[in-house]
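Predicted model only: the values in this text are computed from it and were never measured. Naming convention: chains lettered A, B, ... in sequence-line order (proteins, then strands); numbering from 1 in each chain. Just the heavy atoms: all of them, side chains too, but no hydrogens, waters or symmetry mates, feed the values below.
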There are 2 protein chains.
Amino acid sequence: MDCVVFGYDDGDLKVMLIQRKLKPFKGNWALPGGSVRLDETLDEAARRELVEESGLNNVYLEQLYTVGDIKRDPRERVVTVAYYALVKLVGHNVQASTDAENAAWFSVNDVPKLAFDHQRILDKAFERLKGKVRYEPIGFELLPGKFALSELQHLYEVCLEEKLDKRNFRKKILGMGLLIGTGEIQKDVAHRAARLYRFDMKKYRQIKKRGFSFWL
Amino acid sequence: MDCVVFGYDDGDLKVMLIQRKLKPFKGNWALPGGSVRLDETLDEAARRELVEESGLNNVYLEQLYTVGDIKRDPRERVVTVAYYALVKLVGHNVQASTDAENAAWFSVNDVPKLAFDHQRILDKAFERLKGKVRYEPIGFELLPGKFALSELQHLYEVCLEEKLDKRNFRKKILGMGLLIGTGEIQKDVAHRAARLYRFDMKKYRQIKKRGFSFWL
DNA sequence: TATCTTTGTGTAATATAAACACAAAGAAGT
DNA sequence: ACTTCTTTGTGTTTATATTACACAAAGATA
(Lines give C-alpha, C1' and ligand atoms only; values in the text may rest on other atoms or scores of the structure.)
Protein backbone atom coordinates (compact mmCIF):
# COMPACT_ATOMS: atom_id res chain seq x y z
CA MET A 1 0.00 0.00 0.00
CA ASP A 2 1.45 3.29 -1.10
CA CYS A 3 -0.07 6.69 -0.91
CA VAL A 4 0.48 9.85 -2.89
CA VAL A 5 -0.38 12.68 -0.51
CA PHE A 6 -1.04 15.98 -2.24
CA GLY A 7 -1.13 19.30 -0.46
CA TYR A 8 -1.41 22.84 -1.74
CA ASP A 9 0.66 25.51 -0.13
CA ASP A 10 2.38 28.69 -1.07
CA GLY A 11 0.59 28.59 -4.42
CA ASP A 12 2.18 25.31 -5.25
CA LEU A 13 1.04 21.70 -5.43
CA LYS A 14 3.11 19.61 -3.06
CA VAL A 15 3.58 15.95 -2.43
CA MET A 16 4.67 14.33 0.81
CA LEU A 17 7.68 12.05 0.68
CA ILE A 18 9.57 10.13 3.28
CA GLN A 19 13.21 9.23 3.31
CA ARG A 20 13.79 5.53 3.54
CA LYS A 21 15.70 4.21 6.51
CA LEU A 22 15.83 0.63 5.35
CA LYS A 23 17.71 -1.40 2.85
CA PRO A 24 16.49 -1.25 -0.67
CA PHE A 25 16.82 2.34 -1.76
CA LYS A 26 18.02 3.33 1.70
CA GLY A 27 18.25 7.10 1.95
CA ASN A 28 16.13 7.67 -1.14
CA TRP A 29 12.86 9.50 -1.03
CA ALA A 30 9.72 7.43 -1.45
CA LEU A 31 5.97 7.55 -1.16
CA PRO A 32 4.65 6.83 2.30
CA GLY A 33 3.24 3.35 2.53
CA GLY A 34 3.03 0.15 4.46
CA SER A 35 1.49 -3.25 4.66
CA VAL A 36 -2.18 -4.02 4.80
CA ARG A 37 -3.11 -5.89 7.96
CA LEU A 38 -5.34 -8.89 7.87
CA ASP A 39 -8.09 -7.21 9.85
CA GLU A 40 -8.47 -4.03 7.85
CA THR A 41 -9.76 -3.16 4.40
CA LEU A 42 -7.50 -1.49 1.87
CA ASP A 43 -9.10 1.89 2.49
CA GLU A 44 -8.66 1.49 6.21
CA ALA A 45 -5.03 0.62 5.73
CA ALA A 46 -4.47 3.72 3.62
CA ARG A 47 -6.16 5.89 6.22
CA ARG A 48 -4.17 4.36 9.04
CA GLU A 49 -0.89 4.88 7.25
CA LEU A 50 -1.82 8.47 6.63
CA VAL A 51 -2.43 9.11 10.29
CA GLU A 52 0.76 7.33 11.27
CA GLU A 53 2.96 9.12 8.80
CA SER A 54 1.52 12.61 8.81
CA GLY A 55 -0.88 12.89 11.71
CA LEU A 56 -3.55 13.72 9.16
CA ASN A 57 -7.07 12.64 9.77
CA ASN A 58 -10.22 13.02 7.80
CA VAL A 59 -8.72 13.62 4.40
CA TYR A 60 -9.96 12.90 0.91
CA LEU A 61 -8.69 9.48 -0.07
CA GLU A 62 -9.20 7.49 -3.23
CA GLN A 63 -7.80 4.34 -4.68
CA LEU A 64 -5.59 4.97 -7.68
CA TYR A 65 -4.52 1.66 -9.13
CA THR A 66 -2.60 -1.47 -8.34
CA VAL A 67 0.89 -2.18 -9.57
CA GLY A 68 2.22 -5.69 -9.75
CA ASP A 69 5.23 -5.55 -11.99
CA ILE A 70 7.48 -8.43 -11.22
CA LYS A 71 10.73 -6.61 -10.56
CA ARG A 72 9.40 -3.43 -8.99
CA ASP A 73 10.92 -4.48 -5.68
CA PRO A 74 14.41 -5.91 -6.16
CA ARG A 75 13.99 -8.35 -3.25
CA GLU A 76 10.80 -10.14 -4.08
CA ARG A 77 7.55 -9.81 -5.91
CA VAL A 78 5.49 -7.08 -4.24
CA VAL A 79 2.04 -6.02 -5.35
CA THR A 80 1.04 -2.62 -4.09
CA VAL A 81 -2.28 -0.83 -4.08
CA ALA A 82 -1.69 2.86 -4.67
CA TYR A 83 -3.93 5.54 -3.21
CA TYR A 84 -3.88 9.26 -3.43
CA ALA A 85 -4.96 11.72 -0.79
CA LEU A 86 -5.76 15.41 -0.82
CA VAL A 87 -5.03 17.27 2.38
CA LYS A 88 -5.57 20.79 3.58
CA LEU A 89 -2.04 21.93 4.37
CA VAL A 90 -2.76 25.53 5.17
CA GLY A 91 -3.89 26.08 8.71
CA HIS A 92 -3.77 22.40 9.55
CA ASN A 93 -0.17 22.70 10.55
CA VAL A 94 0.71 19.21 9.47
CA GLN A 95 3.62 17.56 11.07
CA ALA A 96 5.08 16.02 7.99
CA SER A 97 7.37 13.92 10.04
CA THR A 98 6.40 11.38 12.69
CA ASP A 99 8.00 8.15 13.76
CA ALA A 100 11.40 9.78 13.64
CA GLU A 101 11.07 9.22 9.94
CA ASN A 102 12.35 11.99 7.79
CA ALA A 103 9.39 13.33 5.86
CA ALA A 104 9.01 16.46 3.78
CA TRP A 105 6.88 18.21 1.23
CA PHE A 106 8.14 18.68 -2.31
CA SER A 107 6.70 20.61 -5.18
CA VAL A 108 5.28 18.06 -7.63
CA ASN A 109 7.34 19.62 -10.37
CA ASP A 110 10.55 19.33 -8.44
CA VAL A 111 10.73 15.91 -6.89
CA PRO A 112 13.98 14.07 -6.13
CA LYS A 113 14.71 10.67 -7.59
CA LEU A 114 12.29 8.27 -6.00
CA ALA A 115 12.63 4.69 -4.84
CA PHE A 116 11.03 1.74 -6.67
CA ASP A 117 8.53 2.78 -9.35
CA HIS A 118 7.21 5.58 -7.17
CA GLN A 119 7.76 8.24 -9.80
CA ARG A 120 5.42 6.37 -12.12
CA ILE A 121 2.81 6.16 -9.40
CA LEU A 122 3.17 9.84 -8.65
CA ASP A 123 2.78 10.69 -12.31
CA LYS A 124 -0.33 8.60 -12.52
CA ALA A 125 -1.77 10.22 -9.42
CA PHE A 126 -1.16 13.69 -10.77
CA GLU A 127 -2.76 12.72 -14.04
CA ARG A 128 -5.78 11.43 -12.17
CA LEU A 129 -6.04 14.57 -10.10
CA LYS A 130 -5.77 16.65 -13.23
CA GLY A 131 -8.59 14.73 -14.87
CA LYS A 132 -10.87 14.51 -11.88
CA VAL A 133 -10.56 18.04 -10.60
CA ARG A 134 -12.64 19.19 -13.55
CA TYR A 135 -15.70 17.08 -12.96
CA GLU A 136 -15.71 16.50 -9.22
CA PRO A 137 -15.30 19.23 -6.66
CA ILE A 138 -12.19 17.74 -5.12
CA GLY A 139 -10.09 20.88 -5.45
CA PHE A 140 -11.68 22.17 -2.27
CA GLU A 141 -10.08 19.33 -0.36
CA LEU A 142 -6.76 21.07 -0.87
CA LEU A 143 -7.87 24.48 0.32
CA PRO A 144 -8.71 25.71 3.79
CA GLY A 145 -12.42 25.86 4.61
CA LYS A 146 -12.54 29.54 3.73
CA PHE A 147 -10.80 30.78 0.65
CA ALA A 148 -10.71 33.60 -1.84
CA LEU A 149 -11.78 33.06 -5.43
CA SER A 150 -8.32 33.97 -6.63
CA GLU A 151 -6.84 31.23 -4.46
CA LEU A 152 -9.30 28.74 -5.87
CA GLN A 153 -8.52 29.83 -9.38
CA HIS A 154 -4.82 29.55 -8.80
CA LEU A 155 -5.25 26.06 -7.39
CA TYR A 156 -7.08 25.07 -10.54
CA GLU A 157 -4.41 26.58 -12.69
CA VAL A 158 -1.78 24.55 -10.90
CA CYS A 159 -3.76 21.32 -11.06
CA LEU A 160 -4.70 21.73 -14.69
CA GLU A 161 -1.38 23.23 -15.72
CA GLU A 162 -3.18 25.90 -17.68
CA LYS A 163 -4.08 29.55 -17.26
CA LEU A 164 -7.72 30.44 -16.69
CA ASP A 165 -9.60 33.62 -17.41
CA LYS A 166 -10.55 35.37 -14.17
CA ARG A 167 -13.96 36.63 -15.18
CA ASN A 168 -15.03 33.43 -16.88
CA PHE A 169 -13.80 31.37 -13.96
CA ARG A 170 -15.73 33.41 -11.44
CA LYS A 171 -18.86 33.47 -13.57
CA LYS A 172 -18.83 29.72 -13.90
CA ILE A 173 -18.00 28.76 -10.36
CA LEU A 174 -20.34 31.27 -8.78
CA GLY A 175 -23.02 30.35 -11.31
CA MET A 176 -23.14 26.83 -9.93
CA GLY A 177 -24.42 28.23 -6.68
CA LEU A 178 -22.16 26.02 -4.59
CA LEU A 179 -20.02 28.71 -3.02
CA ILE A 180 -21.29 30.54 0.01
CA GLY A 181 -19.93 33.94 0.88
CA THR A 182 -18.84 33.89 4.51
CA GLY A 183 -19.02 37.64 4.88
CA GLU A 184 -15.40 37.60 5.94
CA ILE A 185 -12.47 38.96 4.03
CA GLN A 186 -8.81 38.14 3.82
CA LYS A 187 -6.54 39.41 6.56
CA ASP A 188 -2.92 40.47 6.52
CA VAL A 189 -2.62 40.88 2.81
CA ALA A 190 -0.73 43.80 1.36
CA HIS A 191 -3.49 44.83 -1.01
CA ARG A 192 -7.26 44.94 -1.25
CA ALA A 193 -8.63 42.00 0.73
CA ALA A 194 -10.73 39.48 -1.16
CA ARG A 195 -14.04 38.05 0.04
CA LEU A 196 -13.85 34.57 1.50
CA TYR A 197 -16.12 31.75 0.41
CA ARG A 198 -16.71 28.20 1.47
CA PHE A 199 -17.86 25.25 -0.58
CA ASP A 200 -21.35 23.99 0.17
CA MET A 201 -20.76 20.25 0.20
CA LYS A 202 -24.20 19.48 1.58
CA LYS A 203 -25.92 21.23 -1.30
CA TYR A 204 -23.56 19.62 -3.77
CA ARG A 205 -24.48 16.14 -2.60
CA GLN A 206 -28.17 16.97 -2.85
CA ILE A 207 -28.17 18.39 -6.35
CA LYS A 208 -25.77 15.72 -7.53
CA LYS A 209 -28.42 13.12 -6.84
CA ARG A 210 -30.80 15.08 -9.03
CA GLY A 211 -28.41 14.85 -11.95
CA PHE A 212 -26.36 18.01 -11.51
CA SER A 213 -22.84 17.68 -12.72
CA PHE A 214 -19.96 19.81 -11.62
CA TRP A 215 -17.91 21.11 -14.47
CA LEU A 216 -15.02 23.44 -14.72
CA MET B 1 -7.89 -11.40 -10.11
CA ASP B 2 -11.38 -11.11 -11.53
CA CYS B 3 -12.45 -9.90 -14.90
CA VAL B 4 -15.65 -8.35 -16.15
CA VAL B 5 -15.87 -9.31 -19.81
CA PHE B 6 -18.26 -7.18 -21.82
CA GLY B 7 -19.56 -8.11 -25.23
CA TYR B 8 -22.13 -6.52 -27.50
CA ASP B 9 -24.48 -8.76 -29.40
CA ASP B 10 -28.00 -8.70 -30.64
CA GLY B 11 -28.22 -5.02 -29.77
CA ASP B 12 -27.52 -5.77 -26.18
CA LEU B 13 -24.58 -5.35 -23.81
CA LYS B 14 -23.59 -8.73 -22.42
CA VAL B 15 -21.30 -9.92 -19.70
CA MET B 16 -19.60 -13.28 -19.50
CA LEU B 17 -20.17 -15.35 -16.38
CA ILE B 18 -19.07 -18.77 -15.31
CA GLN B 19 -20.85 -21.16 -13.05
CA ARG B 20 -18.79 -22.14 -10.04
CA LYS B 21 -17.94 -25.80 -9.62
CA LEU B 22 -16.26 -25.41 -6.25
CA LYS B 23 -17.28 -24.86 -2.71
CA PRO B 24 -18.05 -21.36 -1.68
CA PHE B 25 -21.02 -20.32 -3.81
CA LYS B 26 -20.94 -23.63 -5.67
CA GLY B 27 -23.40 -23.52 -8.54
CA ASN B 28 -23.68 -19.75 -8.48
CA TRP B 29 -22.65 -17.58 -11.36
CA ALA B 30 -19.50 -15.55 -10.94
CA LEU B 31 -17.02 -13.40 -12.80
CA PRO B 32 -14.21 -15.30 -14.46
CA GLY B 33 -11.01 -15.01 -12.51
CA GLY B 34 -8.03 -16.75 -11.05
CA SER B 35 -4.81 -16.33 -9.20
CA VAL B 36 -1.89 -14.23 -10.27
CA ARG B 37 1.25 -16.27 -10.69
CA LEU B 38 4.55 -15.15 -9.32
CA ASP B 39 6.13 -14.77 -12.72
CA GLU B 40 3.51 -12.60 -14.41
CA THR B 41 2.29 -9.03 -14.00
CA LEU B 42 -1.31 -8.31 -13.13
CA ASP B 43 -2.13 -7.40 -16.70
CA GLU B 44 -0.55 -10.58 -17.96
CA ALA B 45 -2.57 -12.59 -15.49
CA ALA B 46 -5.79 -10.98 -16.65
CA ARG B 47 -4.94 -11.66 -20.26
CA ARG B 48 -4.05 -15.25 -19.55
CA GLU B 49 -7.27 -15.87 -17.67
CA LEU B 50 -9.19 -14.38 -20.54
CA VAL B 51 -7.63 -16.74 -23.02
CA GLU B 52 -8.15 -19.70 -20.74
CA GLU B 53 -11.76 -18.99 -19.99
CA SER B 54 -13.03 -17.68 -23.29
CA GLY B 55 -10.41 -18.38 -25.93
CA LEU B 56 -10.31 -14.65 -26.53
CA ASN B 57 -7.09 -13.05 -27.53
CA ASN B 58 -6.13 -9.49 -28.25
CA VAL B 59 -8.95 -7.75 -26.47
CA TYR B 60 -9.19 -4.37 -24.81
CA LEU B 61 -8.28 -4.80 -21.18
CA GLU B 62 -8.07 -2.30 -18.38
CA GLN B 63 -7.61 -2.40 -14.66
CA LEU B 64 -10.73 -1.42 -12.77
CA TYR B 65 -9.96 -1.38 -9.07
CA THR B 66 -8.89 -3.56 -6.21
CA VAL B 67 -11.24 -4.89 -3.56
CA GLY B 68 -9.98 -6.00 -0.22
CA ASP B 69 -12.99 -6.13 2.03
CA ILE B 70 -12.29 -8.47 4.87
CA LYS B 71 -15.23 -10.83 4.57
CA ARG B 72 -15.70 -10.83 0.82
CA ASP B 73 -14.61 -14.43 0.70
CA PRO B 74 -16.16 -16.39 3.54
CA ARG B 75 -13.11 -18.66 3.86
CA GLU B 76 -10.26 -16.23 4.25
CA ARG B 77 -9.15 -12.77 3.46
CA VAL B 78 -8.82 -12.42 -0.31
CA VAL B 79 -7.75 -9.29 -2.11
CA THR B 80 -8.69 -9.23 -5.76
CA VAL B 81 -7.66 -6.94 -8.56
CA ALA B 82 -10.63 -6.43 -10.87
CA TYR B 83 -10.23 -5.85 -14.59
CA TYR B 84 -12.70 -5.27 -17.34
CA ALA B 85 -12.41 -6.34 -20.93
CA LEU B 86 -14.22 -5.38 -24.10
CA VAL B 87 -14.50 -8.07 -26.72
CA LYS B 88 -15.85 -8.25 -30.22
CA LEU B 89 -18.51 -10.91 -29.93
CA VAL B 90 -20.04 -10.68 -33.39
CA GLY B 91 -18.10 -12.63 -35.96
CA HIS B 92 -15.48 -13.80 -33.51
CA ASN B 93 -17.60 -16.80 -32.62
CA VAL B 94 -16.41 -16.94 -29.05
CA GLN B 95 -16.54 -20.17 -27.27
CA ALA B 96 -17.86 -18.92 -24.00
CA SER B 97 -17.14 -22.20 -22.36
CA THR B 98 -13.79 -23.92 -22.07
CA ASP B 99 -12.32 -26.11 -19.39
CA ALA B 100 -15.60 -27.97 -19.05
CA GLU B 101 -16.63 -24.96 -17.06
CA ASN B 102 -20.11 -23.75 -17.64
CA ALA B 103 -19.87 -20.28 -19.05
CA ALA B 104 -22.48 -18.06 -20.66
CA TRP B 105 -23.30 -14.55 -21.72
CA PHE B 106 -25.93 -12.55 -19.87
CA SER B 107 -27.44 -9.21 -20.63
CA VAL B 108 -25.97 -6.74 -18.14
CA ASN B 109 -29.47 -5.76 -17.17
CA ASP B 110 -30.53 -9.28 -16.45
CA VAL B 111 -27.82 -10.98 -14.47
CA PRO B 112 -28.46 -13.81 -12.00
CA LYS B 113 -27.42 -13.55 -8.39
CA LEU B 114 -23.63 -13.53 -8.33
CA ALA B 115 -21.10 -15.08 -5.99
CA PHE B 116 -19.02 -13.01 -3.55
CA ASP B 117 -19.21 -9.25 -4.18
CA HIS B 118 -19.16 -9.77 -7.92
CA GLN B 119 -22.33 -7.79 -8.50
CA ARG B 120 -20.65 -4.75 -6.98
CA ILE B 121 -17.65 -5.24 -9.22
CA LEU B 122 -19.89 -5.61 -12.26
CA ASP B 123 -21.75 -2.43 -11.36
CA LYS B 124 -18.51 -0.58 -10.99
CA ALA B 125 -17.26 -1.88 -14.32
CA PHE B 126 -20.41 -0.82 -16.10
CA GLU B 127 -20.19 2.59 -14.51
CA ARG B 128 -16.60 2.91 -15.71
CA LEU B 129 -17.52 1.83 -19.21
CA LYS B 130 -20.36 4.34 -19.21
CA GLY B 131 -18.03 7.10 -18.17
CA LYS B 132 -15.14 6.22 -20.40
CA VAL B 133 -16.99 5.46 -23.60
CA ARG B 134 -17.64 9.19 -23.99
CA TYR B 135 -14.07 10.37 -23.96
CA GLU B 136 -12.09 7.43 -25.27
CA PRO B 137 -12.99 5.54 -28.42
CA ILE B 138 -13.40 2.23 -26.65
CA GLY B 139 -16.88 1.53 -28.00
CA PHE B 140 -15.29 0.26 -31.17
CA GLU B 141 -13.71 -2.56 -29.19
CA LEU B 142 -17.18 -4.05 -28.86
CA LEU B 143 -18.11 -3.84 -32.53
CA PRO B 144 -16.86 -5.84 -35.48
CA GLY B 145 -14.20 -4.15 -37.59
CA LYS B 146 -16.81 -2.95 -40.05
CA PHE B 147 -20.04 -1.52 -38.79
CA ALA B 148 -22.95 0.69 -39.76
CA LEU B 149 -23.44 4.05 -38.09
CA SER B 150 -26.79 2.93 -36.73
CA GLU B 151 -25.08 0.02 -35.02
CA LEU B 152 -22.52 2.31 -33.48
CA GLN B 153 -25.22 4.66 -32.33
CA HIS B 154 -27.19 1.86 -30.79
CA LEU B 155 -24.13 0.62 -28.95
CA TYR B 156 -23.64 4.07 -27.52
CA GLU B 157 -27.26 4.24 -26.50
CA VAL B 158 -26.91 0.97 -24.65
CA CYS B 159 -23.66 1.93 -22.95
CA LEU B 160 -24.86 5.37 -21.96
CA GLU B 161 -28.40 4.26 -21.18
CA GLU B 162 -29.75 7.24 -23.09
CA LYS B 163 -31.30 7.91 -26.48
CA LEU B 164 -29.26 9.86 -29.02
CA ASP B 165 -30.38 11.94 -31.95
CA LYS B 166 -29.45 10.28 -35.20
CA ARG B 167 -28.48 13.36 -37.17
CA ASN B 168 -26.48 14.93 -34.36
CA PHE B 169 -24.73 11.67 -33.63
CA ARG B 170 -23.68 11.22 -37.23
CA LYS B 171 -22.62 14.82 -37.58
CA LYS B 172 -20.39 14.60 -34.55
CA ILE B 173 -18.80 11.23 -35.13
CA LEU B 174 -18.19 11.78 -38.83
CA GLY B 175 -16.98 15.29 -38.07
CA MET B 176 -14.09 13.87 -36.07
CA GLY B 177 -12.74 12.33 -39.26
CA LEU B 178 -11.91 9.05 -37.58
CA LEU B 179 -14.32 6.83 -39.45
CA ILE B 180 -13.36 5.51 -42.84
CA GLY B 181 -16.02 4.41 -45.27
CA THR B 182 -15.12 0.94 -46.48
CA GLY B 183 -17.24 1.22 -49.62
CA GLU B 184 -19.09 -1.87 -48.53
CA ILE B 185 -22.67 -2.04 -47.40
CA GLN B 186 -24.64 -4.30 -45.08
CA LYS B 187 -25.73 -7.69 -46.37
CA ASP B 188 -28.79 -9.79 -45.59
CA VAL B 189 -30.82 -7.04 -44.03
CA ALA B 190 -34.53 -6.73 -44.78
CA HIS B 191 -34.35 -3.06 -45.65
CA ARG B 192 -32.10 -0.49 -47.23
CA ALA B 193 -28.51 -1.54 -46.51
CA ALA B 194 -26.35 0.91 -44.60
CA ARG B 195 -22.81 1.88 -45.48
CA LEU B 196 -20.09 0.23 -43.44
CA TYR B 197 -17.32 2.12 -41.72
CA ARG B 198 -14.23 1.25 -39.77
CA PHE B 199 -12.50 3.17 -37.04
CA ASP B 200 -9.13 4.65 -37.91
CA MET B 201 -7.15 3.78 -34.79
CA LYS B 202 -3.84 4.78 -36.35
CA LYS B 203 -5.07 8.28 -37.09
CA TYR B 204 -6.63 8.53 -33.65
CA ARG B 205 -3.35 7.78 -31.94
CA GLN B 206 -1.60 10.39 -34.06
CA ILE B 207 -4.00 13.24 -33.49
CA LYS B 208 -4.37 12.34 -29.84
CA LYS B 209 -0.70 13.14 -29.33
CA ARG B 210 -1.37 16.55 -30.84
CA GLY B 211 -4.02 17.27 -28.25
CA PHE B 212 -7.15 16.05 -29.98
CA SER B 213 -9.73 14.72 -27.63
CA PHE B 214 -12.44 12.31 -28.53
CA TRP B 215 -15.81 13.39 -27.27
CA LEU B 216 -19.31 12.10 -27.73
C1' DT C 1 -46.91 -2.13 -57.68
C1' DA C 2 -47.78 -1.11 -53.02
C1' DT C 3 -45.94 -1.48 -48.43
C1' DC C 4 -42.59 -1.54 -45.03
C1' DT C 5 -38.39 -0.49 -42.55
C1' DT C 6 -34.30 1.93 -42.38
C1' DT C 7 -30.93 5.13 -44.42
C1' DG C 8 -29.11 9.53 -45.14
C1' DT C 9 -29.27 14.44 -45.07
C1' DG C 10 -29.47 20.35 -43.25
C1' DT C 11 -31.02 24.29 -40.89
C1' DA C 12 -32.54 27.22 -37.28
C1' DA C 13 -32.68 28.03 -32.27
C1' DT C 14 -30.44 27.78 -28.11
C1' DA C 15 -26.81 27.31 -24.92
C1' DT C 16 -22.19 27.35 -23.71
C1' DA C 17 -17.42 29.03 -23.91
C1' DA C 18 -14.00 32.53 -24.99
C1' DA C 19 -12.06 36.97 -25.35
C1' DC C 20 -11.39 41.13 -23.39
C1' DA C 21 -10.38 46.25 -19.87
C1' DC C 22 -10.91 49.26 -16.18
C1' DA C 23 -12.39 51.53 -11.94
C1' DA C 24 -12.05 51.16 -7.04
C1' DA C 25 -10.26 48.94 -2.59
C1' DG C 26 -6.84 49.15 0.53
C1' DA C 27 -1.86 48.63 2.13
C1' DA C 28 2.69 50.78 1.96
C1' DG C 29 5.76 54.36 1.31
C1' DT C 30 6.83 59.29 0.95
C1' DA D 1 -2.46 63.78 2.82
C1' DC D 2 -1.01 62.13 -1.24
C1' DT D 3 1.00 58.90 -4.47
C1' DT D 4 2.04 54.32 -5.77
C1' DC D 5 1.32 49.61 -5.94
C1' DT D 6 -1.08 45.30 -6.14
C1' DT D 7 -5.23 42.88 -6.32
C1' DT D 8 -10.32 42.75 -6.42
C1' DG D 9 -14.57 42.72 -8.68
C1' DT D 10 -17.53 43.33 -12.53
C1' DG D 11 -20.46 42.68 -18.31
C1' DT D 12 -20.70 42.47 -22.93
C1' DT D 13 -19.75 40.83 -27.32
C1' DT D 14 -18.32 37.16 -30.31
C1' DA D 15 -17.50 32.61 -31.56
C1' DT D 16 -18.33 27.91 -30.99
C1' DA D 17 -20.98 23.84 -29.72
C1' DT D 18 -25.27 21.57 -28.80
C1' DT D 19 -29.99 20.66 -29.45
C1' DA D 20 -34.30 20.02 -31.80
C1' DC D 21 -36.54 18.61 -35.62
C1' DA D 22 -38.84 15.99 -40.80
C1' DC D 23 -38.78 13.83 -45.11
C1' DA D 24 -37.46 11.76 -49.48
C1' DA D 25 -35.30 7.73 -51.36
C1' DA D 26 -33.16 2.90 -50.94
C1' DG D 27 -34.17 -1.60 -51.13
C1' DA D 28 -36.48 -5.89 -49.26
C1' DT D 29 -40.97 -8.29 -49.08
C1' DA D 30 -45.55 -9.59 -50.35
Find the distance [X]:[atom1] to [N]:[atom2] and express it as a whole number of Å.
X        : N      : atom1 : atom2 : answer
A:His191 : D:dT7  : NE2   : P     : 5 Å
A:Lys187 : C:dA27 : NZ    : P     : 12 Å
A:Lys163 : C:dC20 : NZ    : C1'   : 15 Å
B:Asp188 : C:dT6  : CG    : P     : 16 Å
B:Gln186 : D:dA28 : CD    : P     : 11 Å
B:Lys172 : C:dG10 : NZ    : C1'   : 18 Å
A:Arg134 : C:dT16 : CZ    : P     : 17 Å
A:Phe169 : C:dA19 : CZ    : C1'   : 17 Å

Counting any heavy atom closer than 4.0 Å, what does A:Arg170 reach on the DNA or RNA strands: base, sugar-phosphate only, or nothing?
-> base

Between B:Lys146 and B:Glu151, does at least one N-O distance fall below 4.0 Å, as a salt bridge requires?
->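 Judged by the 4.0 Å cut-off on N to carboxylate O distance, B:Lys146 and B:Glu151 do not form a salt bridge.
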
Presence of salt bridge, A:Glu62 and A:Arg128, under 4.0 angstrom =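 Salt bridge present between A:Arg128 and A:Glu62.
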
Between A:Arg167 and A:Trp215, name the one whose nearest nucleotide on DNA chain C is closer to the 5' end.
->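 Per heavy-atom nearest nucleotide, the more 5' residue is A:Trp215.
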
For A:Asp165 and B:Leu149, take the nucleotide of DNA chain C holding the closest heavy atom to each; which residue's nucleotide lies nearer the 5' end?
->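 Its nearest nucleotide being more 5', the pick is B:Leu149.
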
Answer yes or no: side-chain N or O of B:Arg192 and base N or O of C:dT6 forming a donor-acceptor pair under 3.5 Å.
-> no

Would you say [N] has OP1 or OP2 under 4.0 Å from some side-chain N or O of [X]?
X        : N      : answer
A:Arg195 : D:dT10 : yes
B:Lys171 : C:dG10 : no
A:Ser150 : D:dT7  : no

Establish, for the pair B:Lys14 and B:Phe6, whether the NZ or CZ atom is under 6.0 angstrom from the six-membered ring centre and no further than 45 degrees off its axis.
->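 That pair does not qualify as a cation-pi contact.
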
Parallel, tilted or perpendicular for B:Phe214 and B:Tyr204, by the 30°/60° rule?
->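 Answer is perpendicular, since the angle exceeds 60°.
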
Which sits closer to the 5' end of DNA chain D, A:Leu174 or B:Ala193, going by the nucleotide each is nearest to?
-> A:Leu174

Check whether the ring centres of B:Phe140 and B:Phe147 lie less than 6.0 Å apart, and answer yes or no.
-> yes

From the list D:dC21, D:dG9, D:dA28, which nucleotide is the closest neighbour of the side chain of A:Lys166?
-> D:dG9

